[in-house]
Amino acid sequence: MKLEQYRETLRRRMRLCRILWLVYLLLVASTRFASPALTEHPAYAGLMGALAGGLLVGLLGMAKFNNAMKDDAALRRLYNQEHDERMQAIRAKAGFPMTVFLGVGLIAAGLVATFFNLTVALTLVIAAVAQLLVCLGVKFWYTRTM
């Protein structure tokens with residue numbers, strides 16, 4: 001029964017990724033009607049690059065979920081990997097998922113700030129990357145010591 005619930009969870013995640021892809025494609029299509037001043041701004045290129053990178057990660061996740069949905073052994077492995085108590089404890093000690101949300105929020109704020117001040121934008125993005133690297137280092141440390 002747990003695997004069927006997990007299969008439904010994966011279907012919801014895949015639907016969310018498809019919706020995000022649709023939003024991205026609509027944003028790209030809307031550039032045909034945008035003014036050249038907007039599309040030539042450096043912030044626009046950064047925003048589109050960040051969206052493309054995030055959606056590429058989503059596409060890879062969707063491929064992993066799709067492969068797991070086809071094979072029960074792969075689905076069980078993915079379920080066990082997500083529900084591993086040791087890794088959940090490590091993620092909690094490292095501050096996941098809150099630091100990831102904050103890091104993504106800082107990067108998004110940095111992308112918005114590029115329309116106003118490039119120095120502030122770079123500072124926000126550098127702070128977000130540093131925060132995410134520290135969180136990753138803490139996770140690596142606890143993986144080795146726990």
Side-chain angles (χ1 to χ4, degrees), residues 1-34 38-115 118 120-146:
M1 187 63 183
K2 286 183 184 179
L3 285 180
E4 286 304 318
Q5 291 172 345
Y6 187 62
R7 193 180 303 264
E8 189 58 38
T9 301
L10 291 182
R11 284 188 186 114
R12 279 194 307 264
R13 288 180 189 172
M14 289 176 68
R15 274 188 234 118
L16 178 65
C17 285
R18 286 184 190 118
I19 290 169
L20 291 175
W21 266 102
L22 180 65
V23 168
Y24 176 71
L25 290 175
L26 289 174
L27 282 173
V28 170
S30 70
T31 60
R32 295 192 56 91
F33 307 110
L38 176 68
T39 57
E40 292 172 1
H41 197 279
Y44 180 79
L47 180 65
M48 290 311 237
L51 282 173
L55 291 172
L56 182 62
V57 170
L59 183 66
L60 294 174
M62 278 180 54
K64 181 171 80 169
F65 296 155
N66 196 25
N67 288 339
M69 300 263 283
K70 292 177 182 175
D71 183 20
D72 282 341
L75 183 68
R76 187 175 308 280
R77 265 194 315 274
L78 191 60
Y79 177 82
N80 289 338
Q81 185 180 13
E82 278 193 25
H83 293 87
D84 182 24
E85 292 172 1
R86 178 179 171 266
M87 285 307 294
Q88 286 178 351
I90 289 170
R91 285 187 196 107
K93 284 187 178 256
F96 279 82
M98 195 60 189
T99 53
V100 174
F101 290 139
L102 290 174
V104 170
L106 281 173
I107 290 173
L111 288 172
V112 171
T114 51
F115 285 107
L118 191 59
V120 172
L122 288 175
T123 304
L124 285 170
V125 171
I126 289 170
V129 169
Q131 174 196 3
L132 292 172
L133 287 175
V134 167
C135 185
L136 187 64
V138 169
K139 182 180 176 188
F140 180 73
W141 171 262
Y142 280 122
T143 302
R144 297 291 179 218
T145 59
M146 282 183 72

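Remember, it's a predicted structure, so these values are computed and weren't measured experimentally. Residue numbers run from 1 in the order of the sequence given.
Applying the salt bridge (charged side-chain N to carboxylate O under 4.0 Å, His left out) rule to pairs touching residues 67-84 yields Arg7-Asp72, Arg13-Glu82, sequence neighbours excluded.
Every residue meeting the ring pair (Phe, Tyr, Trp, His ring centres under 6.0 Å) condition with Tyr79, not counting sequence neighbours, appears here in chain and number order: Tyr6, His83. Partners of Leu124 by side chain to side chain contact (heavy atoms under 4.5 Å, CB included), not counting sequence neighbours, listed by chain and number: Leu106, Ala109, Ala113, Val120. Every residue was checked against the ring pair (Phe, Tyr, Trp, His ring centres under 6.0 Å) condition with Phe140, not counting sequence neighbours, and none meets it. Take Arg86 and apply the side chain to side chain donor-acceptor pair (under 3.5 Å) test, not counting sequence neighbours, and it matches no residue. The side chain to side chain donor-acceptor pair (under 3.5 Å) search around Thr143 returns none, not counting sequence neighbours. Every residue two or more places apart in sequence or in another chain was checked for a salt bridge (Lys or Arg N to Asp or Glu O under 4.0 Å) with Glu40, and none qualifies. The side chain to side chain contact (heavy atoms under 4.5 Å, CB included) search around Ile126 returns none, not counting sequence neighbours. A search for salt bridge (Lys or Arg N to Asp or Glu O under 4.0 Å) contacts involving Arg15 returns Glu8, not counting sequence neighbours. Taking the side chain to side chain contact (heavy atoms under 4.5 Å, CB included) definition, one finds that Trp21 meets it with Tyr24, Leu55, Leu59, sequence neighbours left out.
Rounded to the nearest 0.5 Å, atoms CG (Asn66) and SG (Cys17) are 11.5 Å apart. The OG1 atom of Thr9 sits 4.5 Å away from atom CZ of Arg12, with the distance rounded to the nearest 0.5 Å.
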Under 3.5 Å, side-chain donor or acceptor atoms of residues 87-103 against the rest of the protein: list the pairs with distances, not counting sequence neighbours.
| from | atom 1 | to | atom 2 | distance (Å) |
| --- | --- | --- | --- | --- |
| Thr99 | OG1 | Gly95 | O | 3.2 |

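Leu75 places a side-chain heavy atom less than 4.5 Å from the side chain of Leu10.
The two atoms that bring Leu78 and Ala68 nearest to each other are CD2-CB, 3.8 Å, heavy atoms only.
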